[in-house]
There are 2 protein chains.
Amino acid sequence: MARRAAPVLHRDNPEKEPLSGHVKVTPEDWLNVARDLLVSEGVAGVKVLAIGERLGVSRSSFYWYFKSRKHLLEALLDDWEARNTAPILDHCDLPAANISWAVCNFFRCFVDPDLFDASLDFAVREWSRRDGKVRNRIDAADAQRLAAVTAMFERHDYSAYEAEARARILYFMQCGYHALEVREPMQARTARLEGYLLGFTGAEPDQQAVAAARAFAEQKMDR
Amino acid sequence: MARRAAPVLHRDNPEKEPLSGHVKVTPEDWLNVARDLLVSEGVAGVKVLAIGERLGVSRSSFYWYFKSRKHLLEALLDDWEARNTAPILDHCDLPAANISWAVCNFFRCFVDPDLFDASLDFAVREWSRRDGKVRNRIDAADAQRLAAVTAMFERHDYSAYEAEARARILYFMQCGYHALEVREPMQARTARLEGYLLGFTGAEPDQQAVAAARAFAEQKMDR
DNA sequence: ACGATCCTGGACAGTCTTGTCCAGAGAAAA
DNA sequence: TTTTCTCTGGACAAGACTGTCCAGGATCGT
């Protein structure tokens, strides 16, 4: 075996790229495009060839940076874990004058793509349905987040029982919203924030908190 | 071309199946296994070979019943539409003495796999993220369902504004619950029903309604 | 200038999947 | 029984994807 035609060299094939020569990429480039594909196409769409094409680079150079596609997927999972849970925990721990402010703080996470990438979170969630290891990691993340929201309600004098029920309503509702990917302008959504507060705190909404959250969301929309 | 080895006949190959001869399947068999695979593996897992193997039938006989894989997927989508939306609309329209009973009726849909197959619904939802046509159909289904829940709250004297906010909390929360596929025994879940009612109706929960919903859920669990 | 190293392109091999074709088994009709 | 129709099995072809190998261009240090 090992009989093989001589590879076509650049100088013999000027159509390729005038003089730029090799295109250099970093492992981060591969990872970034992989994340995009995970979100837009699902884990099945994370293909070495597809990433290489988008980077304008040959497929085989991938194997210089990653041992295999499987290792890329592991890196992708680490990347998600490093991004998406900490901001929620932080925002639940933020000091708040009353429950309205606390809920509005929580709400900010799900409005600001820099704090929490909902698309990425749900792409990983979908992936987890077909992979036990992924599933375990996302279960742990959900447990952490729910515990943080529960603690938030408890700090505002709800009983343990009510705090947990309301935390679940709040977190599940927000996740349901993203799961359904409702096509609704951000304005309509924030306008209904007051209604939500009415629904799940059982207290009169603090209009200042609502206004602040609305302003924040609208500002995030402008970008 | 068209040179080809003579196919191995059954009588020449007794290893196959003693004497049962051809195994007959129906288009419904193909569809049922396809639905299972859609739920467990996602749309990418709906492969002609995989279905055929599970049916114990050769891959090529698939093409007698369906023009192509694409046509199977269309049939799958029609099948979902025929199953999953009507029960929700029906349960929202059920007569109810008060809002607690109404919400508990709604709750039943999401507890009874015969009324609403949440796994199938989310499998289609996931599919819809990669296919515009699927997306349009599921958007329409969501709109119908939300309208029904909103109307339910309105019949119990909530204002249009509050009815919509509470309908969204209720529907999104329930979807979020299924989207996250929380691993929690049904008992724990129904025990928290009262807490949910407390959270999103803004009224004192009707203990009889809660008890009835609990009993229903526990009975469904036994099967 | 020149050698060592980094990184990429293309060929190759192997697997998996879809879709087509046709011989012929089984069952139903004549 | 014989004929006809329905349905299945296996071969074939083509395409997509993964992973391997290696020649050699590009670049950096000396």
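All chains are named by letter (A, B, ...) in the order of the sequence lines, taking the proteins before the strands, and each is independently numbered beginning at 1.
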Whole-Å distance between [N] [atom2] and [X] [atom1]?
X       : N      : atom1 : atom2 : answer
B/Glu53 : D/dT8  : CD    : C1'   : 16 Å
B/Lys47 : D/dC17 : NZ    : P     : 13 Å
B/Leu72 : C/dT17 : CG    : P     : 15 Å
A/Phe66 : C/dT8  : CZ    : C1'   : 16 Å
A/Leu37 : D/dC17 : CG    : P     : 11 Å
B/Ile51 : D/dT8  : CD1   : P     : 14 Å
A/Tyr63 : C/dG10 : OH    : P     : 17 Å

Presence of donor-acceptor pair under 3.5 Å, side chain of A/Arg59 and base of D/dG19: yes
Residue [X], side-chain atoms from C-beta onward, closest of [options]:
X       : options                : result
B/Arg69 : D/dT18, C/dG19, C/dT8  : C/dG19
A/Tyr65 : D/dT18, C/dG9, C/dC7   : C/dC7
B/Ser68 : C/dC21, C/dG19, D/dT18 : C/dG19
A/Val57 : C/dT20, C/dG9, D/dC17  : C/dG9
A/Leu49 : C/dT8, D/dA11, D/dC17  : D/dC17
A/Ser60 : C/dT18, D/dC17, D/dC21 : D/dC21
B/Trp64 : C/dT18, D/dT6, D/dC17  : D/dT6

If I compare all heavy atoms of B/Leu180 with all of A/Arg135, which pair ends up nearest, and what's the gap? O-NH2, 3.5 Å
Using the C1' atoms of five pairs at each end, what's the angle between the two axes of the helix from C/dA1-D/dT30 to C/dA30-D/dT1, to 10 degrees?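 Rounded value for the end-axis angle: 10°.
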Any donor and acceptor pair, going by atom type alone, linking the side chain of A/Asn32 with main-chain N or O of A/Glu28 inside 3.5 Å?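 Looks like yes, one N/O pair under 3.5 Å.
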Could you tell me whether B/Glu218 and B/Arg214 make a salt bridge, using a distance below 4.0 angstrom between a side-chain N and a carboxylate O? no
Do B/Trp80 and B/Asp117 have side-chain atoms, one donor and one acceptor, less than 3.5 Å apart? no
Are A/Arg166 and A/Phe153 in a cation-pi contact, defined as NZ or CZ under 6.0 Å from the six-membered ring centre and within 45° of the axis?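 No; the conditions do not both hold, so A/Arg166 does not lie above the ring face of A/Phe153.
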If you draw the axis of the six-membered ring of B/Phe122, does the NZ or CZ of B/Arg125 fall within 45° of it and under 6.0 Å from the ring centre?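 Because its charged atom sits under 6.0 Å from the ring centre and within 45° of the axis, B/Arg125 does stack over B/Phe122.
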When you match A/Val48 and B/Phe62 each to their closest nucleotide on DNA chain D, which lands nearer the 5' end? B/Phe62
Does the side chain of A/Ser58 get closer than 4.0 angstrom to OP1 or OP2 of C/dT8 through an N or O atom?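 Indeed not, no polar side-chain atom of A/Ser58 lies that close.
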Would you check if the distance from the ring center of B/Trp30 to the ring center of B/Phe66 is below 6.0 Å? no
